[in-house]
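FYI, side chains are in, hydrogens and waters are out, and symmetry mates aren't considered; it's all heavy atoms of this structure.
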Amino acid sequence: MLPPHGGGSPDLVPGLDPAAAERWSRLPRHDSPWLHEEVAARMLPRLDFFRQAPTSWLHWEPVAGGLKAHHDLCLRLPEASCLVWARDAAMAVRSVNAGRRRSWNPLRRDRSLAVAAEPSSQVDMLWANMLLHREPQPLAVLQQWNRHVGTGGFLMFSCLGPDSLAELRAVYRQCGWGAPTHDFVDMHDWGDLLVQAGFAEPVVDMERITLTYSSAQALLDELRQIGRNFGRGRFPGLRGRGWHRQLLAAIEDLLPRTADGRLQLGFEIVYGHAYKAEPRSGPRSEQNVSVEAMREMLRSSRR
């Protein structure tokens with residue numbers, strides 16, 4: 001949860017190590033996590049909330065956000081031009097274009113062909129799936145997104161909420177291991193940050209997704225696709241095989257199970273969208289009125 005206004009910078013997530021998050025973000029990846037694809041599939045129908053389909057859109061970090069989701073968006077918006085932003089833009093463009101649907105008509109321009117976004121690019125929609133929870137400066141990221149959205153356009157995003165991994169956090173507390181990850185930003189704080197970043201009419205809601213696993217190792221394998229422990233209070237050194245065996249045993253013994261014996265782990269998913277409104281010209285802080293004009297105003301008020 002972000003610090004209250006006046007109690008620290010709202011642009012920083014307490015407990016998140018920026019260097020660790022940056023290292024993870026720069027790791028090369030060619031596949032998208034299953035959970036991210038599932039969240040994107042649930043976010044896609046929310047496009048029905050908007051009366052007019054975007055004619056251009058920007059996919060922010062599409063490999064992390066979901067390659068299948070990218071192709072589904074191309075099918076949903078066949079006439080819209082597509083841009084891609086990523087730390088490794090060339091690799092991301094290659095990945096999203098590799099499986100695109102090609103038009104049967106050679107005379108028709110394939111608008112689903114993604115190209116890298118320029119710094120000054122503006123679009124009708126910016127799509128960012130499952131990214132914000134690992135950003136140490138979320139306000140700065142939202143401001144950057146605002147610059148890419150044209151007036152009248154909109155932002156759609158999703159991320160993890162603070163109730164995510166509650167069962168795993170309980171295991172760590174019971175074993176005296178600290179926290180398995182940093183704290184995630186609360187849903188209500190995202191609405192405030194969207195307004196601070198220049199967006200209007202923010203709508204933020206959430207849902208809980210419970211996943212089940214056949215074993216502790218299967219659970220950890222999936223979590224490693226999603227991220228790492230970016231908390232500043234994490235263990236400072238490398239864990240050994242003994243620690244790994246202890247962790248597996250603790251998860252098997254302490255994590256809740258379904259009726260058929262599968263391990264359960266919950267994720268809080270936060271969804272949000274907001275518009276880029278017309279810029280408002282604020283009122284002038286002072287006005288100069290001549291003495292003659294003031295006298296005329298007084299005479300008029302008496303009449």
Among all residues two or more places apart in sequence or in another chain, which pass the side chain to side chain donor-acceptor pair (under 3.5 Å) test with Arg76? Asp48
Checking the side chain of Gln143 only, and the main-chain atoms of Gly198 only, is there a donor and an acceptor separated by less than 3.5 Å? no
Using modelled atom types and a 3.5 Å cut-off, is there a donor and acceptor pairing between side-chain atoms of Glu252 and backbone atoms of Ser215? no
Quick one: ring pair (Phe, Tyr, Trp, His ring centres under 6.0 Å) partners of Tyr271, sequence neighbours excluded? none
Look at the side chain of His36 and the backbone N and O of Ala64, then say whether any donor-acceptor pair between them is shorter than 3.5 Å. yes
Can Asp221 and Gln225 be counted as having a side-chain donor-acceptor contact under 3.5 angstrom? no
Counting N and O atoms only, with roles assigned by atom type, does the side chain of Glu37 sit under 3.5 Å from a partner on the main chain of Ala69, one being a donor and the other an acceptor? yes
Taking all non-hydrogen atoms of both residues into account, name the closest pair between Ser164 and Arg169 and its distance. O-NE, 3.3 Å
Only counting residues at least two apart or in another chain, list the ones meeting side chain to side chain donor-acceptor pair (under 3.5 Å) with Arg234. Asp17
To check you understand the geometry: which heavy-atom pair defines the closest contact between Leu165 and Phe267, and what is its length? CD2-CE2, 3.5 Å
Hey, can you tell me if Phe157 and Trp145 have their rings parallel, tilted or perpendicular (30° and 60° cut-offs)? tilted
Closer than 3.5 angstrom, by distance alone: can the side chain of Arg26 be matched with the main-chain N or O of Asp88 as a donor-acceptor pair? no
Residues forming a salt bridge (charged side-chain N to carboxylate O under 4.0 Å, His left out) with Arg46, sequence neighbours excluded: Asp205
Strictly distance-based, threshold 3.5 Å: is any side-chain N or O of Glu61 a donor or acceptor partner for the main-chain N or O of Ala128? no
Is there side-chain contact between Trp127 and Leu44, with at least one heavy-atom pair below 4.5 Å? yes
According to the salt bridge (charged side-chain N to carboxylate O under 4.0 Å, His left out) rule, which pairs have a member within residues 259-279, sequence neighbours left out? none
Heavy-atom count around Arg241 CZ within 6.0 Å, excluding the residue itself: above 12? no
Begin with the C-alpha distance, continue with both residues' side-chain angles, and end with the deciding distance and a verdict on side-chain contact (heavy atoms from CB on, under 4.5 Å) for Leu211 and Leu35. CA-CA 9 Å; Leu211 302 184; Leu35 178 61; 4.3 Å; yes
Please enumerate all residues that pass ring pair (Phe, Tyr, Trp, His ring centres under 6.0 Å) together with Trp243, with sequence neighbours excluded. Trp177
Of all heavy-atom pairs between Ser32 and Pro62, which one has the smallest distance, and what is that distance? OG-O, 4.1 Å
Give the cluster check for Met125 versus Val203: same hydrophobic cluster or not, with ILVMFWY residues linked at side-chain heavy-atom distances below 4.5 Å. no
What orientation do His273 and Tyr275 show, parallel under 30°, tilted 30 to 60°, or perpendicular over 60°? perpendicular
Closest heavy-atom pair, Val13 versus Pro138, reported as atoms and distance to 0.1 Å, is CG2-CD, 3.7 Å
Where Ala117 and Leu58 come nearest, the two heavy atoms and their spacing: CB-CD1, 3.7 Å
Could you tell me how the ring of Phe154 sits relative to the ring of Phe50: parallel (under 30°), tilted (30 to 60°) or perpendicular (over 60°)? parallel
Would you name the heavy atoms of Ala21 and Arg134 that are closest together and state the gap between them? CB-O, 3.5 Å
